[in-house]
Amino acid sequence: MLLNSLFLLLIIGVFGLIIIPAEHRLLLRQFSLFITALVFILSLFLWLGFDHSTSKFQFVVNNLWLPVSNINLVLGIDGISLFFLLLTTLIFPLCLLASWTFEKGNLKIYLISFLSMELVLLLVFTSLDLLFFYIFFEAVLIPMFLVIGIYGSRQRKIRAAYMFFLYTLFGSLFMLVGVVYIYLSVGSTSYEILSITKFSNYNQRWLWLAFFASFAAKVPMLPVHIWLPEAHVEAPTAGSVILAGILLKLGSYGFLRFSLGLFPQACIYFTPFVFSLSVLGVVYTSLTAIRQTDLKRLIAYTSVAHMNLVMIGLFSGTVIGVEAAILQSLSHGFVSSALFLIIGVLYDRWHTRGINYYGGLTHTMPIFIIVFLFFTMANLGLPGTSSFVGEFLLLVSAFDANTTACFFAATSMILGGVYSLWLFNRIAYGNIKLVGCDLNYREFVVFLPLLVGTVFMGLYPDLFFSAMHASVSNLVWVDLWV
């Protein structure tokens, strides 16, 4: 019932926005913020009522859809999906609050796109049926395509929107073939039935590759990462936050839930392949980030590097590696979202993302610089922040699995220090180039939950590990090694 109430609220929110006249812009903003904030508060009760001792799905909702064909819309959460759901419900109200002064285009369509996107994302993270997962997984493309294509900041926004749409859609066509084959061979797309179905090694391998084509484009992994920097640069600030904070997690969640859960032997077989691509992605995108002159493009490349590091943890074959990968995904959702919001603050004041135009902001925006410094340190893995816990445990698990991969993956911490400190130095110090006002109350409130969450996750990660441990242990020990 509690899980259903989240979806019901968002559906009411979408229809409410449709009914409210477009000229009542303040009411549209207030109503959408109220709905998303209420959804976040209700989602916290899922965490409070979650049973840490079991790996079974909880708060299960069984909605019959096509009972004749044995295809049902079943929703539920476990320790793996719980925190992705909480991250989603947190980021959306912050995005709406951050874009409170956004005036470009039709505000009603803008807000409807965001509430629709949140609804579909929650369905993705809670769907326990493979076919419906695929439908919701692809449905996310539509509202984000509109956000980038309509509300982007430059003329290249149409090209960026099509790159985002086509890159991610093309890979998913292979996944659709796999889903159809699974249904025809098993007779069901229920995750709980498929999880106890043993596919042959040959079928596991080609199905793994079909799913890999879809999930790798979402992570993104090399060489299908080209769409991400382009989409980030052209999207409005809130769109970039959703892209980095949540949409990139769809790929890692897909690997975790379906690739590891349904094709364990294929995962072991393709681990060297995944390690090679991930290490190449970490090093290449980190080096590429160093030479960027656009603020958004730089942070976009760092996002690719961090998510490829997550992939190494996912395929380490250890409980600690998978748990660290989930924690690092959550940490990336907090830190990268904050960094894109920081860029949004600068862009709102001076309408440029060129690094060369900024300098000396320590003198004119001290509170902003303190926030920027904190998230810069979090981005490079400072002890006491969530990134340190995730990256350290990831590298420990990678060392056990493959020392060579661990060595090259560890270069991300060195290269991360290079581009993070270089960027902060250019923005904060030097001659004063632009004069503007410091963070206002609304902007500070947007950053506060992300700041508190980053510190809390870094100082007390056991609260997160304890909730996911049963589900991850069941996934790794049962599926991978039995």
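All heavy atoms count here, side chains included; hydrogens, waters and symmetry mates do not. In this text, all values refer to a predicted model and were calculated from it rather than measured experimentally.
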Taken in chain and number order and not counting sequence neighbours, the residues that satisfy ring pair (Phe, Tyr, Trp, His ring centres under 6.0 Å) with F374 are none
If we only count heavy atoms from C-beta on, is the L361 to F372 side-chain gap below 4.5 Å? no
Side-chain (Y253) to main-chain (F125) donor-acceptor, under 3.5 angstrom: yes
V335 versus T385: any side-chain heavy-atom pair under 4.5 Å? no
Sequence neighbours excluded, the answer for side-chain contact (heavy atoms from CB on, under 4.5 Å) partners of S172 is Y134, F137, E138, S214
In short, salt bridge (Lys or Arg N to Asp or Glu O under 4.0 Å) pairs touching residues 296-309 with sequence neighbours left out are E230-R297
Would you call L250 and L121 a side-chain contact if the rule is heavy atoms closer than 4.5 Å? yes
Here the pair of heavy atoms bringing I320 nearest to S397 is CG2-CB, 4.1 Å
With rounding to the nearest 0.5 angstrom, report the CG to CE distance, L247 to M117. 7.0 Å
Nearest heavy-atom approach of I312 to S278 is CG1-CB, 3.6 Å
Look at atom NZ of K104 and say whether more than 12 heavy atoms of other residues, nucleotides or ligands are closer to it than 6.0 Å. yes
Could you please spell out the steps behind the side chain to side chain donor-acceptor pair (under 3.5 Å) verdict for T318 and S316? CA-CA 6 Å; T318 62; S316 64; 3.1 Å; yes
Sequence neighbours excluded, which residues qualify as side-chain contact (heavy atoms from CB on, under 4.5 Å) partners of S329? F84, K249, S252, M307, V310
Name the one of I11, L6, V124 that satisfies side-chain contact (heavy atoms from CB on, under 4.5 Å) with L119? I11
Would you check if the distance from the ring center of Y429 to the ring center of F424 is below 6.0 Å? yes
Only pairs at least two apart or in different chains count here, so list each salt bridge (Lys or Arg N to Asp or Glu O under 4.0 Å) that has a residue in residues 28-37. R29-E103
By side-chain contact (heavy atoms from CB on, under 4.5 Å), which residues pair with L380, not counting sequence neighbours? M377, S420, L421
S240 (side chain) donor-acceptor with H232 (main chain) under 3.5 angstrom: yes
Between H469 (side chain only) and F465 (backbone N and O only), is there a donor and an acceptor less than 3.5 Å apart? no
Would you please test M311 and L314 for side-chain contact (heavy atoms from CB on, under 4.5 Å) and show each step? CA-CA 5 Å; M311 291 299 299; L314 287 181; 4.0 Å; yes
If you look at every heavy atom in A289 and Y301, which pair is closest and at what distance? CB-CB, 3.8 Å
F408, CZ: over 12 other non-hydrogen atoms inside 6.0 angstrom: no
What donor-acceptor contacts under 3.5 angstrom involve side-chain atoms of residues 436-453, with partners at least two apart or in another chain?
unit_1: D438; atom_1: OD1; unit_2: F368; atom_2: N; d: 3.0
unit_1: D438; atom_1: OD2; unit_2: I367; atom_2: N; d: 2.9
unit_1: N440; atom_1: OD1; unit_2: R442; atom_2: N; d: 3.2
unit_1: N440; atom_1: OD1; unit_2: E443; atom_2: N; d: 2.8
unit_1: R442; atom_1: NH1; unit_2: L97; atom_2: O; d: 3.0
unit_1: R442; atom_1: NH1; unit_2: A98; atom_2: O; d: 3.3
unit_1: E443; atom_1: OE1; unit_2: R349; atom_2: NH2; d: 2.9
unit_1: E443; atom_1: OE1; unit_2: N440; atom_2: N; d: 3.1
unit_1: E443; atom_1: OE2; unit_2: R349; atom_2: NH1; d: 3.1

Taking only residues two or more places apart in sequence, or in another chain, which ones meet E23 in a salt bridge (Lys or Arg N to Asp or Glu O under 4.0 Å)? none
Any side-chain heavy-atom pair of M468 and I80 under 4.5 Å: no
Applying salt bridge (Lys or Arg N to Asp or Glu O under 4.0 Å) as the test, list every pair that has at least one member in residues 74-83; sequence neighbours left out. D78-R257
Taking every non-hydrogen atom, the tightest pair across F114 and G239: CZ-N, 4.0 Å
So how far is it from N4 CG to L9 CG, rounded to the nearest 0.5 Å? 11.0 Å
Please give me the minimum heavy-atom distance between Q292 and W422, naming the atom from each residue. O-CH2, 3.7 Å
Do the non-hydrogen side-chain atoms of L256 and L475 ever get within less than 4.5 Å of each other? yes
More than 12 foreign heavy atoms under 6.0 Å from CG of N431: is that the case here? no
Please check this pair: side chain of S466 against backbone of L463, looking for a donor-acceptor N/O pair closer than 3.5 Å. yes
Heavy-atom count around Y162 OH within 6.0 Å, excluding the residue itself: above 12? no
When rounded to the nearest 0.5 Å, the distance separating OG of S387 from CE of M413 is 9.0 Å
With a 4.5 Å heavy-atom cut-off, do I343 and L339 have their side chains touching? no
Applying salt bridge (Lys or Arg N to Asp or Glu O under 4.0 Å) as the test, list every pair that has at least one member in residues 299-315; sequence neighbours left out. none
Got M163 and I226 here, is their nearest side-chain heavy-atom distance under 4.5 Å? yes
Tell me, with the steps shown, if L423 and T376 meet side-chain contact (heavy atoms from CB on, under 4.5 Å). CA-CA 9 Å; L423 175 63; T376 298; over 6 Å; no
Heavy-atom side-chain proximity of F92 to L115 below 4.5 angstrom: no
Passes ring-ring contact (aromatic ring centres under 6.0 Å, His included), F145 versus F164? Steps please. CA-CA 7 Å; F145 176 81; F164 161 74; 7.8 Å; no
Look only at the side chain of T362 and the backbone of A428, and say whether a donor-acceptor pair between them is shorter than 3.5 Å. yes
Quick one: does S386's side chain have a donor or acceptor within less than 3.5 Å of a partner on S331's backbone? no
Main-chain N/O of A470 paired with S473 side-chain donor or acceptor, under 3.5 Å: no
Above 12 or not: heavy atoms from other molecules or residues under 6.0 Å from CZ of F34? no
Donor-acceptor pair, Q328 side chain versus L309 backbone, under 3.5 Å? no
Tell me whether N356 contacts the main-chain N or O of D294 through its side chain, where contact means a donor paired with an acceptor under 3.5 Å. no
Applying side-chain contact (heavy atoms from CB on, under 4.5 Å), can you list everything that pairs with Y151, at least two apart in sequence or on another chain? F102, N106, I109, Y110, P236
Please list every donor-acceptor pair under 3.5 Å in which a side-chain atom of residues 37-49 meets a protein atom from a residue at least two apart or in another chain.
unit_1: S43; atom_1: OG; unit_2: F40; atom_2: O; d: 2.6
unit_1: S43; atom_1: OG; unit_2: T89; atom_2: OG1; d: 2.9

Can any side-chain N or O of Y358 pair as donor or acceptor with the backbone N or O of T352 at less than 3.5 Å? yes
Testing the basics here: between L3 and F7, what is the closest heavy-atom pair and its distance to 0.1 Å? O-CD1, 3.2 Å
Please state whether the rings of F258 and F215 are parallel, tilted or perpendicular, taking 30° and 60° as the class boundaries. parallel
